[in-house]
Novice: 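My questions will all concern the structure given below.
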Amino acid sequence: MISIQSVSKAFRPAGGGPPNQVLEGVSLHVPPSCLYGLIGPGAAGKSILLKMIVGLMKPDAGSITVDGVDVTQASELDLQKMRLKFGMLFQNNALFDHMTVGDNIAFPLRRLTDLGEDQIKDRVMERLSHVALTGFEGRLPAGLSGGQKKRVGVARATITKAPIVLYDEPAAGLDPVTSQKIFELLREEQRASGATVVMVSSDLDRLLTVTDRIGMMYRGRLIFDGTTHEAQTSTEPRVRQFVHGLTEGPL
Amino acid sequence: MAAQTTNPEKAAAPGAIATFLAALGGGFLSAAHTAGGMTILFAKILARTVRLRIDARELWKNLYKMAVKSLPIVVVTALFTGAIMVIQAATIVKRYGAEGLLGWGAGFGTLREIAPLLTALMISGRVGANNTAELGTMVVTEQLDALRVLAIDPIAFLIAPRFIAIVSTLFMMTLFADALALFGAAYTGQALLGVSTTTFYNGLTVGLLDFGDVASGLFKSVVFGLVMALASCHFGLATTGGAPGVGRAVNATVVTSAAGIFVLDYLVSFAIGG
């Protein structure tokens, strides 16, 4: 279970000036085996919250516990152990430039497991076929389109079958058909593995078809936390406007 | 009644002094920040290295990329350096008929100073700058964060192998440059001054030069390698601000490495007497 308690974060501009408050008193709980969708307009603090959950950034105040471990207080060694539970897709994919697609996807298995090379190869091929990239294993990331890179990132994030998976914009840059396939794939895998998933996405139409719960962030604050059905029927003006894509409203 | 006037230069003086002092203080703070960052990084690398927590595959890959691929530029630099030493000595050698001292003259400067210094500057431009650009790009594209999320220690996996590879590369390339520069000097002496390679070799080995001269240059190469490796890794890891940030980091590496190499060359020369 992921539990976030009163988390705040501000960035101080290098040249001075007032701090930029990116998160303010955010509290939320992601139950085990839940597919949690985090939505909100740009610069609402969603990606920063994901990075804090995995311990890549520390909040100025508040605590984040993952399966009972306080990420904000953990040493680098403890964080390293805790991260074995995580898979993550970054907003800009973060593929290793100098490795082929196959090596990128195989990398976590080679580094973190005792699997033989044949088994690793089979798993990589299976992942590639899931994201419709069969035959791309020998290519370098620089030779892929934005959507293809995203799919490689999804394959790498899911190959270890980690119990907690964080996706930052898994469908950005994908066409509607591939996007729907990716969401369905991620949902299927989450159901099969029982993983806890937190997903940030701007593709609300598709996101709302797969999530169990939704949290909406706005200007660094969590303004809504409820089931997907509650989000779709919410009368909170900002949630209603954002979820239904209305041009008129407070946002 | 005399009109009261104010001297604008005098009025502006305190502001100018304050600005100058602020800039000076800022410069010292920045230098202290860099030195502190490099020291902390060195401690982290050392901790992984003594516990053998470094990635052997990355180490070999970087040794190939940094050392083997630097050979052409080192060959050219060293051969011409030796030749230049002879050309510079030619006037004195001819005037005083000191052919027997040509080997000593070329060897002394080359082994103790020129070969380690020029090799360090060449490797800094080729390897140090490239290392910073690679690490900086990995930082701004979140590849280092991806490593951390995969529970992989970036210092053990990426930084320590590069650090060891840079220091080893500079040591090996300096040794190689020593030999090649003397080779270039010997044959340039023969071609331009008619000094036989035997005479040149005798000048080198007659007793005026000893192992201490070679060791002095090699010791310097290790010191230069340390500062270059630390600077390139530190500025690479500290990169912020996207592609322009990578450019700034590379620039900082080149400037810091070059300045560090010259300052340390002076200090080491002073400490070991040459």
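In this text the structure is predicted, and so the values were computed from the model without any measurement. Below, chains carry the letters A, B, ... as their sequence lines are ordered, and counting in each starts from 1.
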Novice: Against chain B, work out which of A:K81, A:R111, A:M88 has the most heavy-atom pairs shorter than 4.5 Å and name it.
Specialist: A:R111
Novice: Go through the side-chain N and O atoms of A:D203 and A:S201 and say whether any donor and acceptor fall under 3.5 Å apart.
Specialist: no
Novice: Output the option from B:I152, B:T141, B:D55, B:V149 having the highest count of non-hydrogen pairs under 4.5 Å with chain A.
Specialist: B:V149
Novice: Mind checking the OG1-CG spacing from B:T174 to B:L118? Nearest 0.5 Å is all I need.
Specialist: 10.0 Å
Novice: Pairing donors with acceptors under 3.5 angstrom, does anything connect the side chains of A:D97 and B:Q143?
Specialist: yes
Novice: Is a side-chain donor-acceptor pair under 3.5 Å present for A:T100 with A:E137?
Specialist: no
Novice: With a 4.5 angstrom heavy-atom cut-off, is it the side chain or the backbone of B:V140 that approaches chain A, or both, or neither?
Specialist: backbone
Novice: Using modelled atom types only, decide if a donor and an acceptor are shared between the side chain of B:T119 and the backbone of B:P116 within a distance under 3.5 Å.
Specialist: no
Novice: Where does A:N93 contact chain B at under 4.5 Å (heavy atoms): side chain, backbone, both or neither?
Specialist: neither
Novice: Considering only heavy atoms and a distance below 4.5 Å, find which of A:F86, A:F107, A:F96 pairs most often with chain B.
Specialist: A:F96
Novice: Report which part of B:L147 has an atom under 4.5 Å of a heavy atom belonging to chain A: side chain, backbone, both, or neither.
Specialist: both
Novice: For A:L84, which atoms come within 4.5 Å of any heavy atom of chain B: side chain, backbone, both, or neither?
Specialist: both
Novice: From the options A:L89, A:L144, A:L185, A:I182, select the one residue that forms a side chain to side chain contact (heavy atoms under 4.5 Å, CB included) with A:R151.
Specialist: A:I182
Novice: Select one option (side chain, backbone, both, neither) describing which atoms of B:T240 are under 4.5 Å from chain A's heavy atoms.
Specialist: neither
